[in-house]
Amino acid sequence: MSDAAQDLYDLQIVERARNPRYAGDLPEANLSGEGRNPLCGDRTRLDIALQGYHISQIRHRTRGCALCTAAADMLAERLSGCSVEEAQAVGVRFSAALVTQDAIEQVESPPEGTPSLGVMQPLTAVRFHKARIRCVELPWVALKEALTHVRV
Amino acid sequence: MNTDKTLKTTPAATLDVQAVRAQFPILSETVHGRPFVFLDSGASAQKPAVVIDSMADAMRHQYANIHRGLYWMSERTSDAYEAVRGQVAAFLNAPSHEEIIFTRNSTEAINLVAHSLGSLMKPGQAVLISEMEHHANLIPWQMLRDRSGVELRVAPITDAGDLDMEAYGRQLEDGKVALVAMTHMSNVLGTITPARQIADMAHAAGALVLFDGSQAAVHHRTDVQVLGADFYTFTGHKLYGPTGIGVLWGRRALLEEMPPFLGGGDMISSVTFEKSTWANVPHKFEAGTPAIVETLGLGAAIRWVEVIGFDAIEAHEQALTAYALEKLADVPGLQVVGAPKQRGGVISFTMADVHPHDIATLLDRNGIAVRAGQHCAEPLMRRLGLHATTRASFGVYTSTQDIDALAETLVRIRDFFV
Ligand SMILES: Cc1ncc(COP(=O)(O)O)c(C=O)c1O
């Protein structure tokens, strides 16, 4: 595959899509949300176990492309153990990283006081593939739905 | 253009693909540093230079609003515009050019019928579509159903992707169906539907029939009289013409009975604040300034297609589709969707566990343009038990090299993922 594609289909992403670590059901979940992309029929559902304002566990069921599946799985890993507020801050930073045309160094070292993207970092390559941004945002749509009624 | 001459001397039913390609400026572009391999003609076809030039020439040399000005330039433009109506009538073998209505696209043509013919339908009557319709031939009928209480029926397809003719017959039995609205060629499965038989059965049951010819009109000669249609639609941009221009053909008696669709200038015969009367068909259905330049572009596109000839186009696309089916069969894990009795140049497929979006992005990085997703046919996808497919669709300029590039790259994509 060509270079730019390799960039997007980073091995970490492909590997993650092939063997997701956070896929499945979460019987103890007390929140859930779903994201759907009507253009392609992709769907991801998040189950969240919330204790107070802390996300103790997340599981997802994703029927989607490699980017969407990896994004859901990475979201689950990154946000496990976060407070709702932190989770939202990570989301804001992720969204910002998807629209910036800045060099990767700036994306990688966030301004002070903002949370790091951590394991989600490779997904930011999608910013050079506009048509695919919705794929990695879908799990975040599901998260937003899950957290609708949580007041911080 | 002297290239036209080269094409004319090509024997019927064979086509010099390289000579055709040379007429499409965009095909010499590169994408991501690679030759542009365009396999998405089913979504919209590329444009030959004669179409591009005809539109620019119109704006340079022969342009004014039509049917309004009393001056030379307006009259000439009106004549050119109306001449395309005649061309389209001949293209469809319509009995009269006055049965040709210009719309924005196929979608608008179908909406026109749903609105105008629909307003004459009554609760208790039904519209019958099929499971393989594009949303363009589904949503307007759902909207009609919801506003007027007309029933909407859906004729099933077989697992091979053909219309289930027995089930179709049963849907007609109670005589309630007022209109059958069906695709003449599926944009997902490539299925060419048995239009004549569909029409005969509809008529025997007292129903009218509309064919969505958006895909079909591109691949073979269309004769609305042989098909026995009452309405036929197509869209210019898939026929190597510009966007913004589509066609509705309808039998005159029906068009005369139907109320107008949109109101405004050009569609009236007299207007007072109390009451207005409508212009004759087709003008009754063409409110406001039409897409003049685009219509002229469509005329150039039809002229261009007719110089090549449908014998040659159809033979080329059939050979190419057979070649592609063979090539794709060799790609490990690839599954072609449907096996219709008659297929135009459209092939949808799935590939093992690789998602169509991932396939499309990786093909694109190699310069190859295909479509991935639900193809504006969500209910069909559900019927097929799929949520998305990748679709390659062919045009008159598609070459075996394009197919080879597709098949080879698919093999590499699969290796990359599996
Ligand atoms: C079968 C079919 N019907 C209708 C349409 C709609 O065409 P348009 O968008 O030009 O109205 C399309 C094209 O996408 C099509 O493939």
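Residue numbers begin at 1 in each chain, while the letters A, B, ... track the order of the sequences.
- Only the side chain of A:C135 comes within contact range of chain B, with heavy atoms under 4.5 Å apart.
- Of all the heavy atoms in A:P38 and B:E378, the pair that sits closest is O-OE1, 4.3 Å.
- Other residues, nucleotides and ligands contribute at most 12 non-hydrogen atoms within 6.0 Å of the CD atom of B:Q335.
- Each of A:R18, A:E15, A:R132, A:R43 has some count of heavy-atom pairs under 4.5 Å with chain B, and the biggest count is that of A:R132.
- Smallest separation of non-hydrogen atoms from B:H355 and A:G64: CD2-C, 3.1 Å.
- Residue A:A66 comes nearest to B:D358 through the heavy atom pair N-OD2, 2.5 Å, listed as atom of the first residue, atom of the second, then distance.
- Atom CG of B:D404 has more than 12 neighbouring heavy atoms from other residues, nucleotides or ligands inside a 6.0 Å radius.
- Scanning all heavy atoms of the two residues, the minimum distance from B:Q374 to A:G41 falls at NE2-CA, 3.0 Å.
- Here the NE2-CZ distance, from A:H129 to B:R365, works out to 5.0 Å after rounding to the nearest 0.5 Å.
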